[in-house]
Amino acid sequence: MKFKIIAILFIAVTAAVYSCQSDEKLEFMRYYTTGQELYKTRCQNCHGAQGEGLAALIPPLTDSIYLKTNRNKLACYVKNGLKLPIMVNGKPFNGEMPPSGLAPVEIAQVLTYVQNNFGNHLGLHSVEKVNKELESCN
Amino acid sequence: MKALILSACCLLGLAACNTSDKSDNLLPIYGNREAVTKTVNGKTVTDTVYHTIPDFETVNQYGKKITRKSLDGSIYVADFFFTSCPSICPIMHRNMLKVYDEFKKSGNVKIVSYSIDPRHDSVAVLKNYADKMGITGNNWWFLQGDKQAIYKLAESYLVAVMEDNKAPGGYVHQGYFVLIDKQKRIRGSYDGTNPEQVANLIKDIKLLQTEPQSMIAQ
């Protein structure tokens, strides 16, 4: 009897954990696929289908270390554009990125796509995180 | 017997070569044309006069004056852009770089990119743009000239450009790459934002390079 209860408990716990994980995964996939569409229409012209950028004019999106270290600033960059000179893949870029006009949830979606494509694996960038980051834009 | 089969194969191969070499894969000539009848050495001759690119006066990224004559003896590809263009220009020039890389070693193919925003795109701005694209030498010119003249010139390349305050960056323009032969005639027009069409452009330039002089003499 004791054994049975333990077994049922065990199954319940695993099921709970498992469904939790798949919920998370589902959420991620939702962000990612919408982000992919947004990327195509709003970012791809400049940054390229492979995130390759354009020579020394437009930075590539393949520098995982840059994305990781500047992760908390990315939402502001996408929202307000970027004028500062930046170093990407060891090369300086000093062009100008226009403001995107995207809503916070769209910013979260496109950032999730970029940070998990082009050789990057940085996981979900939730809208809650984006909202928090947007509060402290310069 | 074996030799017979082999030679038959060779013949077949040659025959195949011959058919594909036929001149029916010449590129078309675009634009209006008219028949002009004139008298040469006492004989009446009717000639087809094709639409050609008219003269223009511009300055390239090195500050050097560039006119229609500067392109004499060159096959060239033309497009219209502006350096601060947020929409289709980056994708056009990402594709144009492929054309540049393919022909930078062959002396008779050039690329000219006319700026449609000459007020912003000064020689210094164009030079900076060219440098950042990694363009050196004289195979790809970025040209600046009188705005109205450039807009008028675009028409003769069969490309539409116009100013529009509502458009991103302030201008609307078509992203065509226009292929011009040594006689200044339009031989092809390709969507510069479409990698497949740009691949066709590269193929067509190679075809144009092999076109015998006698066939293109006007």
Side-chain angles (χ1 to χ4, degrees), chain A residues 35-63 66-67 74-103 106-107 110-111 113-114 117-119, chain B residues 61 79 81-102 104 111 113 115 117 120-121 124-137 139-140 142 165-177 191-199:
Chain A
Q36 184 170 31
E37 283 312 305
L38 282 166
Y39 182 83
K40 268 191 204 156
T41 52
R42 306 300 294 272
C43 318
Q44 189 168 307
N45 271 348
C46 289
H47 289 289
Q50 312 300 323
E52 72 270 34
L54 175 58
L57 284 167
I58 298 162
L61 303 173
T62 52
D63 185 346
Y66 176 87
L67 291 177
L74 299 177
C76 291
Y77 292 169
V78 174
K79 179 170 189 273
N80 301 325
L82 186 58
K83 240 181 193 171
L84 291 169
I86 53 168
M87 290 289 285
V88 178
N89 278 346
K91 287 190 210 138
F93 290 88
N94 51 19
E96 195 178 319
M97 180 165 89
S100 68
L102 292 176
E106 292 174 313
I107 295 175
V110 85
L111 283 179
Y113 175 71
V114 167
N117 202 8
F118 315 133
Chain B
Q61 72 265 37
D79 74 350
F81 87 115
F82 56 113
T83 59
S84 55
C85 162
S87 52
I88 59 174
C89 306
I91 191 164
M92 283 166 68
H93 281 179
R94 186 178 301 119
N95 289 330
M96 193 68 104
L97 268 176
K98 290 185 203 152
V99 182
Y100 173 78
D101 286 337
E102 185 78 32
K104 65 181 169 194
I111 300 167
S113 292
S115 167
D117 183 14
H120 176 265
D121 291 344
V125 169
L126 292 175
K127 177 68 167 61
N128 184 38
Y129 184 85
D131 286 348
K132 293 211 164 161
M133 289 274 285
I135 309 303
T136 54
N139 283 354
W140 190 347
F142 298 89
N165 294 332
K166 286 179 216 114
Y171 300 90
V172 219
H173 62 126
Q174 293 176 317
Y176 287 117
F177 292 172
D191 179 356
T193 63
N194 180 337
E196 275 167 42
Q197 290 210 21
V198 176

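All values below were derived from every heavy atom in this structure, side-chain atoms included, with hydrogens, water molecules and symmetry-related copies excluded. Below, read A as the first sequence line, B as the second, and so on, with proteins coming before strands; counting in each chain starts at 1.
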### Results of side chain to side chain contact (heavy atoms under 4.5 Å, CB included) for B:A199 - residues two or more places apart only
none
Using only the distance criterion (under 3.5 Å, no hydrogens considered), which donor-acceptor pairs connect chain B with chain A?
unit_1 : atom_1 : unit_2 : atom_2 : d
B:S87  : O      : A:N45  : ND2    : 3.1
B:I91  : N      : A:N45  : O      : 3.4
B:R94  : NE     : A:G53  : O      : 3.1
B:R94  : NH1    : A:N45  : O      : 3.4
B:R94  : NH2    : A:N45  : O      : 3.3
B:R94  : NH2    : A:C46  : O      : 2.4
B:K132 : O      : A:A56  : N      : 2.9
B:K132 : NZ     : A:N94  : OD1    : 2.3

### Query
Non-hydrogen atoms of chain B under 4.5 Å away: do they reach the side chain of A:L57, the backbone, both or neither?
both
